[in-house]
Every structure is written in structure tokens, then in C-alpha cells.
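Chain letters run A, B, ... following the sequence lines, proteins first and then strands; every chain starts at 1. Hydrogens, waters and symmetry mates are skipped; everything else that's a heavy atom, side chains included, is used.
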2 protein chains.
Amino acid sequence: MLSTACKDAIRAMIYIAKNNKDDFISISEIAKELNLSFYFLSKILQKLVKGELLKSYRGPNGGVKLAKSAEDIRLIDIIEITDGTKFFSECILGLEKCSDNNPCPIHYMWADKRGEIQKMFESTTLKDIVEDINKLQCIKL
Amino acid sequence: MLSTACKDAIRAMIYIAKNNKDDFISISEIAKELNLSFYFLSKILQKLVKGELLKSYRGPNGGVKLAKSAEDIRLIDIIEITDGTKFFSECILGLEKCSDNNPCPIHYMWADKRGEIQKMFESTTLKDIVEDINKLQCIKL
DNA sequence: AATTAAAATGCTTTCCACAGCCTGTAAAGA
DNA sequence: TCTTTACAGGCTGTGGAAAGCATTTTAATT
Ligand code: FES
Ligand code: FES
């Protein structure tokens with residue numbers, strides 16, 4: 001459902017939000033901590049920089065940091081940049097033009113669930129997630 | 001979320017259930033009606049035959065037909081054969097061992113939605129779908 | 001028995017997400 | 001100014017899904 005790139009992006013963003021200070025966090029540190037390929041992660045984060053969720057800085061002590069407050073970054077924003085939002089408008093059976101006027105045999109039940117998932121990603125911010133992590137200490141990253 | 005093979009399998013099964021009589025339906029007819037590659041569909045349906053959702057018959061007037069009553073074939077059965085059920089037990093962020101004891105940052109909200117989707121596929125049979133199609137005439141396949 | 005229809009199956013090709021590597025470029029510090 | 005650090009971005013390789021092709025097997029019809 002989410003691409004590998006998108007999963008990595010979300011994990012990285014959570015890590016960055018959790019360790020959010022004024023200085024930049026290097027991509028190699030994130031890759032090491034989350035056990036990801038440095039090269040692959042670099043490209044994913046580049047996208048997020050272009051999407052204006054992250055700021056980057058080159059040179060010594062460079063790295064990335066959040067471009068805005070953690071409460072203003074929703075999961076759906078990350079998903080939109082890495083994967084797009086086709087998932088939330090496409091037919092689950094791969095047919096063209098998914099809509100109530102032109103439904104496939106399982107359109108109505110699927111559109112319902114799909115909408116709930118979309119709402120879930122829209123209503124969850126990085127701030128919410130970091131607070132959860134601090135509350136429940138047992139969360140893995 | 002569902003592989004192309006799985007989507008095609010579901011569409012084909014619905015078509016077969018809708019036209020279910022005593023005689024066999026040829027795969028080439030199904031492929032033509034649903035606008036699918038005959039070769040690809042052949043292999044998918046072979047899997048369903050092995051999975052005992054379909055019976056096949058070779059030679060002239062051969063083809064496939066449901067191996068059991070339409071009300072005994074659930075969408076989840078088709079999904080399980082074509083894609084497996086990893087989707088319903090794996091972590092959405094790709095982490096190992098998804099469970100309540102070992103949750104990722106969005107495990108609780110995701111496990112909830114994921115369970116609902118699973119229930120949806122478990123509780124929908126081909127009979128339900130065919131009835132819907134007959135009721136609402138505007139359904140596309 | 002020969003022909004024909006249709007599924008079963010193996011082999012090959014195509015495509016794309018994923019991943020790795022290398023070079024370019026910006027910035028800091030000596 | 002030179003060296004080092006770290007992001008930016010291009011190029012290439014790989015594995016698995018998807019798709020196409022060809023041959024074999026089964027069964028009905030003539
Ligand atoms: S038409 Fe199939 S999900 Fe909407
Ligand atoms: S651990 Fe991530 S969804 Fe369960």
C-alpha cells in the first residue's frame with residue numbers, strides 16, 4: 001500500500017521530529033539509526049526538501065531539519081510527496097474512473113474504508129506521533 | 001495494495017459467478033469480456049483451480065466454473081490464494097513483528113483500520129456481489 | 001484415426017521499484 | 001586557498017511482477 005520509499009520517509013520524519021532542535025541532523029546519522037540505505041534515504045529526503053517539509057544545509061555540520069513546526073506536518077503530506085494520492089482515488093479493482101456514478105462491484109464498501117484511511121493520515125501530525133512515543137515508552141522506530 | 005493478479009482474479013471470479021451455469025466458461029471469453037491478457041489470466045486462474053475455488057475442464061467446450069456455491073466463496077479466499085495475507089499482519093512502516101506488544105508509532109490506528117478491511121473481505125461473498133450487481137444495474141466490470 | 005478446441009505449463013521478455021555507486025556542488029575550518 | 005564534510009543528482013545494476021510466446025496434454029467431434 002505505501003511504497004518502501006514512503007515508509008522510510010515517514011520513519012525518517014518521525015526520527016527528525018523526535019530529535020528536533022535548532023541544528024541540522026545528518027542523513028547518515030538517520031540512516032544508521034533507522035537501519036536504512038544511506039543512498040536511498042538521501043534521495044527520499046531530497047524529495048521532502050523540494051516538497052518543503054524539510055530544510056537542508058550542505059557542508060560540515062550540515063544535514064536536514066523540519067521546515068515547519070511538527071504540528072503542521074501531517075502524515076498525508078509525506079505520503080503525497082513520496083507516493084502521490086492515487087491510492088485514495090483509484091478503483092481497488094484497477095478499473096477506470098472510480099466514482100459513485102461509475103462504481104465497480106465493491107466500490108461502495110471500499111470507498112468507505114479508503115476514506116477512513118485518508119482521514120486517519122490527514123488528522124495525524126508529527127507532533128501527535130512524538131507525543132505518543134513519549135507517553136508510551138515501548139515504541140520502536 | 002492488491003496486486004494486479006489479484007484484481008484480475010476478483011474481476012474474473014465475479015464474472016464467472018454472474019454467468020454461473022452448469023457448463024464451463026472459456027478463459028478466452030473471460031479475458032475478452034474483461035479486457036485482460038489471455039496469457040496472464042490463464043495463470044491466475046490456474047492458481048485458483050489449485051486453490052479449489054474453480055474447477056477446470058480441458059478440450060472442446062472446456063473452461064472453468066465455480067468449484068463451490070457462490071455464497072461459499074469469500075473475497076478473502078481469492079486474495080489469500082493470489083497475494084497471501086501478509087498485508088493483514090505486516091507493519092505498515094515495514095518494521096518487523098507487528099504486534100500490540102511491539103508497536104510502531106502508528107501501529108494502533110493502523111491495526112484498527114487494517115482489521116476492518118480484513119473483516120470486509122471476510123464477510124463479502126461472490127453471492128453478495130452478484131446480488132448487488134443485479135440490484136443496482138449501473139455496475140461496471 | 002484425424003482434427004480441433006481449450007487448459008496446463010515452461011521459457012523468455014519487458015518493466016519498474018528498489019538499491020548502490022560515483023561525481024558535482026555548497027559550506028566550514030584551518 | 002586547500003581540505004574536509006555533507007547534500008544534490010546522475011548513472012547503473014538487480015529482483016520480482018507482469019506479459020507474451022510456444023509447446024504439451026486432454027477431450028470432443030467428425
Ligand atoms: S470503482 Fe472500484 S473502488 Fe471505486
Ligand atoms: S508495528 Fe507497525 S503497524 Fe503494527
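Atom CD1 of A:Ile30 and atom P of D:dA6 are 12 Å apart (whole Å). Computed from coordinates, the B:Leu54 CG to C:dA6 C1' distance equals 15 Å when rounded to whole Å. Look at CG on A:Leu2: it is 11 Å from P on C:dC18, rounded to the nearest Å.
Residues satisfying the salt bridge (Lys or Arg N to Asp or Glu O under 4.0 Å) test with B:Asp132, not counting sequence neighbours, are none. In this structure, the side chain to side chain contact (heavy atoms under 4.5 Å, CB included) partners of A:Lys97, at least two apart in sequence or on a different chain, are A:Asn102.
Residue pairs meeting the salt bridge (charged side-chain N to carboxylate O under 4.0 Å, His left out) criterion with at least one partner in residues 111-126 of chain A, sequence neighbours excluded, are A:Lys113-B:Glu116, A:Glu116-B:Lys113.
Within a heavy-atom distance below 4.0 Å of DNA chain C, the residues of residues 37-45 of chain A found are A:Ser37, A:Tyr39, A:Phe40, A:Lys43. Near DNA chain C, defined here as any heavy-atom distance below 4.0 Å, there are no residues from residues 12-28 of chain A.
Counting all heavy atoms, side chain and backbone alike, A:Thr82 lies closest to A:Ala9 at CG2-CB, 3.8 Å. Residues B:Ile10 and B:Leu2 come closest through the heavy atom pair CD1-CD1, 4.0 Å. The two residues A:Ser123 and A:Asp128 come nearest to each other via the heavy atoms O-OD2, 3.5 Å. Residues A:Ala31 and A:Phe38 come closest through the heavy atom pair CB-CA, 3.9 Å.
Annotation: the span from B:Asp100 atom CG to B:His107 atom NE2 amounts to 4.0 Å, rounded to 0.5 Å. Residue A:Ile79 holds its CD1 atom at 4.0 Å from CZ of A:Phe121, rounded to the nearest 0.5 Å.
Phosphate contact (OP1/OP2 of D:dA17, side-chain N/O of B:Ser3, threshold under 4.0 Å): absent. Between D:dG9 and A:Gln46, a contact under 4.0 Å exists linking OP1 or OP2 to a side-chain N or O. Note on B:Ser56: every side-chain N or O is 4.0 Å or more away from OP1 and OP2 of C:dA6.
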Using a cut-off of under 3.5 Å, enumerate the N/O to N/O pairs linking the protein to nucleotides 28-30 of chain C.
unit_1 : atom_1 : unit_2  : atom_2 : d
C:dA28 : OP1    : A:Tyr57 : OH     : 2.4

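Residue A:Asn61 places its CG atom among 12 or fewer non-hydrogen atoms of other residues, nucleotides or ligands, all under 6.0 Å distant. Shown here is A:Asn35, whose CG atom has no more than 12 heavy atoms of other residues, nucleotides or ligands within 6.0 Å.
Counting any heavy atom pair closer than 4.0 Å across all strands shown, A:Lys50 reaches sugar-phosphate atoms only and no base atom.
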